[in-house]
Amino acid sequence: MTVMDEVRKSSAWVATHSSHVVVDSSGIEKVVEKMTGSIPKVEWDYEGIHYFDNGPLTVQYLFVLDALNFCFWPDKELSYDHLASGLKEALQNDKSAFDADRLQKYTGPQLRELLKWPRPLPLEDERVRLLHEVGLELERNFGGKASNLVESCGKSAAKLVALVARHFPGFRDHSVYKGHQVFLYKRAQIFAADLWGAFKGKGYGELYDIDSITMFADYIVPAVLQELGVLKYSSNLSSAIETNSEIASGSEEEVELRACSIYAVEKMRELFRAKSGNQVLSVELDLWLWSVGVQSQYLQHHRTLSIYY
Ligand SMILES: Nc1nc2c(c(CN[C@H]3C=C[C@H](O)[C@@H]3O)cn2[C@@H]2O[C@H](COP(=O)(O)O)[C@@H](O)[C@H]2O)c(=O)[nH]1
């Protein structure tokens with residue numbers, strides 16, 4: 001069983017034992033019917049905010065990016081775009097900014113300065129700790145280079161996600177739900193997807209099993225699925241989200257929001273295939289749903305302090 005099978009299996013378990021979130025199959029049918037045979041194609045980097053030079057430095061950039069790709073919401077003005085474009089600019093100004101030895105030395109204020117952010121970042125100490133972890137482990141086992149890590153995976157996304165989770169504790173996105181271990185691996189999977197997207201499935205982005213990746217369980221896509229009528233919440237959970245109350249990391253509600261999103265997107269994918277005969281990837285569904293979410297001004301999402309998404 002691959003790591004992604006574990007993600008699918010454990011998410012399905014949550015979806016069938018959930019108390020606060022329901023995956024509505026009629027909601028899924030409506031969405032799939034509306035798609036009439038194809039989903040809106042969203043280009044990777046449609047925003048033009050990522051660094052790309054078609055070489056190993058891009059891999060280093062994407063790994064650093066996804067090591068820090070979590071929890072923007074506590075600062076109303078901060079978003080993923082600031083991280084992606086801030087790191088891009090930092091690298092353009094200094095090609096050695098993400099060398100493994102440099103990664104191990106950043107302080108909070110230096111990271112802020114790198115991103116040109118005027119105040120402390122959310123979970124800044126954790127961000128710094130994770131940068132150090134990435135630098136140290138890359139140095140110890142991969143000659144300092146994320147490109148070596150990718151090359152050692154034989155073009156397999158499943159191997160890459162497993163290897164990243166094995167070596168970098170910060171990417172071990174697991175929870176225990178009603179006594180069962182649930183695997184979500186949001187940042188490890190998005191790293192594989194970012195490689196595939198950035199390199200357009202070639203070179204470092206050639207991954208023969210990209211179809212095995214699930215959606216990336218963050219705080220945007222669940223909210224979009226709820227708006228589409230695919231997810232239904234209990235009244236307590238609805239009001240917690242509407243009033244911006246914090247939902248604890250690892251709580252039943254939080255695990256259900258994330259795992260039910262994975263399950264729902266897998267169901268969408270199956271139904272889409274059954275109806276149209278076309279294969280659609282979870283990565284493609286994810287990018288479409290995510291881009292809808294970040295462009296919607298009034299999207300209300302759940303708030304959890306987490307290093308995983
Ligand atoms: N499911 C899913 N979640 C994603 C992404 C991305 C970025 N992917 C880039 C890669 C290529 C494309 O061009 C995209 O630009 C970030 N996130 C998550 O969203 C949240 C940030 O929201 P806000 O606070 O509003 O910026 C946060 O949890 C972050 O981890 C994605 O693709 N899928």
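Just so you know, ligand 1 is whichever comes first in the structure, and atom 1 is the first atom listed for that ligand.
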Roughly how far apart are Asp66 CG and Leu130 CG, rounded to 0.5 Å? 12.5 Å
What about Tyr185 and Val176, same hydrophobic cluster or not, with Ile/Leu/Val/Met/Phe/Trp/Tyr joined at side-chain heavy-atom distances under 4.5 Å? no
So for atom CD, which belongs to Gln300, do other residues, nucleotides or ligands contribute more than 12 heavy atoms lying within a distance under 6.0 Å? yes
Partner set under side-chain contact (heavy atoms from CB on, under 4.5 Å) for Ser96, not counting sequence neighbours: Asp94, Asp99, Arg102
Ring-ring centroid check Phe72 His82, cutoff 6.0 Å: no
Say whether His302 and Glu254, considering side chains only, have a donor N or O and an acceptor N or O under 3.5 Å apart. no
Dump all N/O pairs between ligand 1 and the protein below 3.5 Å as a table: atom names plus distance, one pair per row.
unit_1, atom_1, unit_2, atom_2, d
ligand 1, 1 (N), Phe216, O, 2.9
ligand 1, 1 (N), Asp286, OD1, 3.3
ligand 1, 1 (N), Asp286, OD2, 2.8
ligand 1, 3 (N), Asp218, OD2, 2.9
ligand 1, 3 (N), Trp290, NE1, 3.3
ligand 1, 13 (O), Asp45, N, 2.8
ligand 1, 13 (O), Glu47, OE1, 2.9
ligand 1, 15 (O), Glu47, OE1, 3.2
ligand 1, 15 (O), Glu47, OE2, 2.4
ligand 1, 17 (N), Trp290, NE1, 3.2
ligand 1, 19 (O), Asp218, OD2, 3.1
ligand 1, 19 (O), Trp290, NE1, 2.9
ligand 1, 24 (O), Tyr219, OH, 2.8
ligand 1, 26 (O), Tyr80, N, 2.8
ligand 1, 30 (O), Asn69, O, 3.1
ligand 1, 30 (O), Asn69, OD1, 2.6
ligand 1, 30 (O), Lys186, NZ, 2.5
ligand 1, 33 (N), Asp286, OD1, 2.7

